[in-house]
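Fair warning: this is a prediction, and the values are worked out from it, not measured in the lab. Convention: sequence-line order gives letters A, B, ...; per-chain numbering from 1.
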Amino acid sequence: MKDYRIVFEKKNNMKYISHLDLNRCMLRAVRRSGLPAWYTEGFHPHLYLMFPLALSLGIESICEVMDLRLTKEIPEQEILEKLNSALPNGLHAICVREPDKQTQDITSAEYSLELYAPEILDLHACWLEFFNQPEILTQKRTKKGMREINIKSCIQVEKISMKDNRLNLMLRLPAGNDGNINIGIVIDAFKNYAGKPILINYLCRTKIFCRNYEEFL
Amino acid sequence: MSKNKIEPFLLDVQKPSRYTGGEVGEIIKNKSKIDVRFAFCFPDIYDIGMSHLGMKILYSLTNQYENYWCERVFAPWVDMENIMRREHILLYALESGDPVKDFDFIGFTLQYEMSYTNILNMLDLAGVPVLQKDRGEQLAPLVIAGGPCACNPEPLADFFDLFILGEGEEVNLELLDLYKNMKDSGATRSEFLKKACQIEGIYVPSLYEVNYHEDGTVKEILPHENAPKIIKKRIIKNLNQCYYPEQIVIPFIEPIHDRISIEVLRGCIRGCRFCQAGFLYRPFREKSAELICQQGIALCKNSGYDELSLSSLSTSDHSQMEKILDNLLEYTEQEHVNLSLPSLRIDNFSKSVLEKITKIRKSGLTFAPEAGAQRLRNVINKNITEEEIFNTCQIAFAGGYTTVKLYFMMGLPTETDEDITGIAELAQKIVNLFYDMPERSKGKLQVSISTATFVPKPFTPFEFEPQATKEEILRKQKILKKAIKSKKIKISTHVSEVSQMEAVLARGDRRLCAVIYDAWKSGCHMDSWDEFFDAQKWHEAFRKNNLSPEFYANRTRNYDEIMPWSHLDYFISRKFLIHENQKAHQEQITKSCREYCAGCGANQSLGRACF
């Protein structure tokens, strides 16, 4: 029995697959791959797969993580080849890692995005105005219904630039068990503030971090 | 490519992967090398259509041929339909993303009557004229249909170029071959249709003239242009030599049946008099045990699915069922696959079969006695006795089952109020049986009763019978609810207005084309979804065309009446249907085909005795 941490991309049309559907898709892919998957030993045995960090619908990613348990040790290259031969276009396993870090230690994730607003003259200035508000209030869905929260302190801008009228941002947001901010609500808050249509050209999760800014992968 | 235009809106709709394609198992071809493009359209949403076995078979079969490309099309859900109409995006096929109107064939499967308005809606979304006469003389696209409801396609006659009767595995390819040849020679639509109607199993409605008596019944059906007087359905004689896919398209979202289906047999030996499928799919033909296991294992391996279902009208009627289960269980247990067996019959639900199923999964028991009293079960020829029901329940309760679902019909021919209270009595006896068993399991018992309104269908012995009116059904539902005393019994009933419209469309004639058209124009679609069915609009469409639903649904037909489908031959003789209808009224049963041949006529299609 051996645990493997698979790092995979979720791109193009695969961004329209929900987390639950991704789970079922991966289960079948592992079964098709012919890898010796380990099954739980309860009354209804099931294949052991674990996704530490869900990704919202509509977001691409180059750093998705899936923990997989096999009944025996298999060379990493073989795992990649077998898995990739079973995956649909848009899902691609990049590498296999030792599951050395605990998934509970995940604290934040980094996103790269490109926004375009045909009706806003200077989108960069508009963002700065938005971001420099004393509070950024937005609605978050919780178990007790919709709740208003201030997300200002949650957003870390790592890079910002304008090119060809397009605003490129690199943002870091809380992720993991201790609190999660969906990049979608940040963009929605910005759209609300701007009051004019803002289109998303590109939106991708690029990195996952643990405590002390250490990369998870 | 329409699919590109949809991209900016995909996050505004529910379950966007309904519209993207790209699933494992999808077949992509280089369209420059394709002679004939076929858009296989399911007139309901993706989640339902992707569960349909017939589509999986015909999709893979057509794509076996290098120069043919079959793609999938589903009705968009209303959220996406609104966007498509607002943004002028034409209905497209999932594989290529190309507009359906550019295909050679637009082929619909007719699975249930209440999907008819969806067909019109999909053609309209595709930018294809809804009426056949408006499509002009250019050859493509040909709008065609097959499936069980094609046995009476008359209410759809104005919308289709042709219908395919019976099983499609052979005739579809003959049709595509003919098309390819005639396309190369520059034929027109009507030239093609005149040739196509000579293929056995192909019905071209525009080549037939229907005249009516003053009372509204059919007077005569006249073929023109040398079209055959009688059109025979097609069957596959030997299932062991019939194509079956080894890989299917695996949806990302969960369809209603999320599993591998292996067809184990076609037809049915039972002859339940209300059941259209039991007659339409005759004769009875089995697939060999070896082939069933081989195909099941291959599909599990190729797809990665962890549930395998043995599907047919009555799976336990396969003569080698125990052998199949033994062989398959050996594989499925080792590979962690659930084996599911829908369509089991009470009377041959043996202890050993039950043990084999419980090895895999413990779900509820579902029985369909259809009628509460033995007298009425004899009328409908559902040859199950109370004793058999109790025996099976006893085995099941001892095996740990605690939920029993019972399906019944209301409004059956000759039904009395005692038959209705008989439903409650039967359920009560099952409750008593459970509590009288010392070795019953500790779980809580629940017996659910579900009742549907009986819909008389063509090619059944009840095709002559009137449907009970809505008032009558509501009255009987009240009687049943009053008769139930135990809290262990739950009952669910259904509105009968949809059933009335289903009865109208099932036995309708060509004059209903205008009604369907007007109903759709006034906004009817997704009629099989309770939240969309609008009886008011349908009734208005009838009034506008001076027709009444009662004429079609609630009228008794004489034995010598010409039916709107009388020119279609499903190898079930009128003489047999009349005889069976008489026996029903005499409360006489007919034995299963395996015990005794009742002479329905289906063996003519085989050219030999069925057994």
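Comparing A/Leu87, A/Asn13, A/Leu22 by how many heavy-atom pairs each has under 4.5 Å with chain B, the most go to A/Asn13. With chain B as partner, the option from A/Pro88, A/Ala86, A/Ala37 having the largest number of non-hydrogen pairs under 4.5 angstrom is A/Pro88.
Other residues, nucleotides and ligands contribute over 12 non-hydrogen atoms within 6.0 Å of the NZ atom of A/Lys152. In A/Gln139, the CD atom is crowded: over 12 heavy atoms of neighbouring residues, nucleotides or ligands sit closer than 6.0 Å. Shown here is B/Asp79, whose CG atom has more than 12 heavy atoms of other residues, nucleotides or ligands within 6.0 Å. Counting heavy-atom neighbours within 6.0 Å of A/Arg147 CZ, excluding the residue itself, gives a total of 12 or less. Residue-environment remark: CD (B/Gln64) exceeds the threshold of 12 foreign heavy atoms within 6.0 Å. Around atom CD of B/Glu87, more than 12 heavy atoms belonging to other residues, nucleotides or ligands sit under 6.0 Å away. Within a 6.0 Å sphere centred on NZ of B/Lys29, other residues, nucleotides and ligands contribute more than 12 heavy atoms.
Residue A/Ile17 touches chain B through its side chain alone, counting heavy-atom pairs closer than 4.5 Å. With a threshold of 4.5 angstrom between heavy atoms, B/Pro8 does not approach chain A through any atom at all. If you measure heavy-atom distances from B/Asp306 to chain A, the contacts under 4.5 Å come from both the backbone and the side chain. Looking at B/Glu7, both its backbone and its side chain come within 4.5 Å of chain A, counting heavy atoms on both sides.
Within the cation-pi definition used here (under 6.0 Å to the ring centroid, within 45° of the axis), A/Arg31 does not qualify as a partner of B/Tyr305.
Atom NE2 of B/His336 is separated from atom CG of A/Leu47 by 8.0 Å, given to the nearest 0.5 angstrom. Interatomic distance, OG of A/Ser18 versus CD of B/Glu254, reported as 10.0 Å (0.5 Å rounding). Separation of atoms NZ (B/Lys15) and CG (A/Leu57) is listed at 12.0 Å; rounding is to 0.5 Å. Expressed to the nearest 0.5 Å, how far CD1 of A/Ile200 lies from CG of B/Leu11 amounts to 7.5 Å.
Proximity of B/Leu10 to A/Lys15: side-chain heavy atoms (C-beta onward) are nowhere separated by under 4.5 Å. In this structure, the side chains of B/Ile250 and A/Arg28 come closer than 4.5 Å at one or more pairs of heavy atoms.
Here the side chain of A/Arg32 pairs a donor or acceptor atom with the backbone of B/Ser303 at under 3.5 angstrom.
Side-chain atoms of B/Glu335 and A/Tyr39 form no donor-acceptor pair, as typed in the model, at a separation below 3.5 Å.
Contact detail for A/Cys25 and B/Phe252: the closest heavy-atom pair is SG-CE2, 3.8 Å.
The existence of a salt bridge linking B/Asp258 and A/Arg24 is confirmed by a sub-4.0 Å separation between a basic side-chain nitrogen and an acidic carboxylate oxygen.
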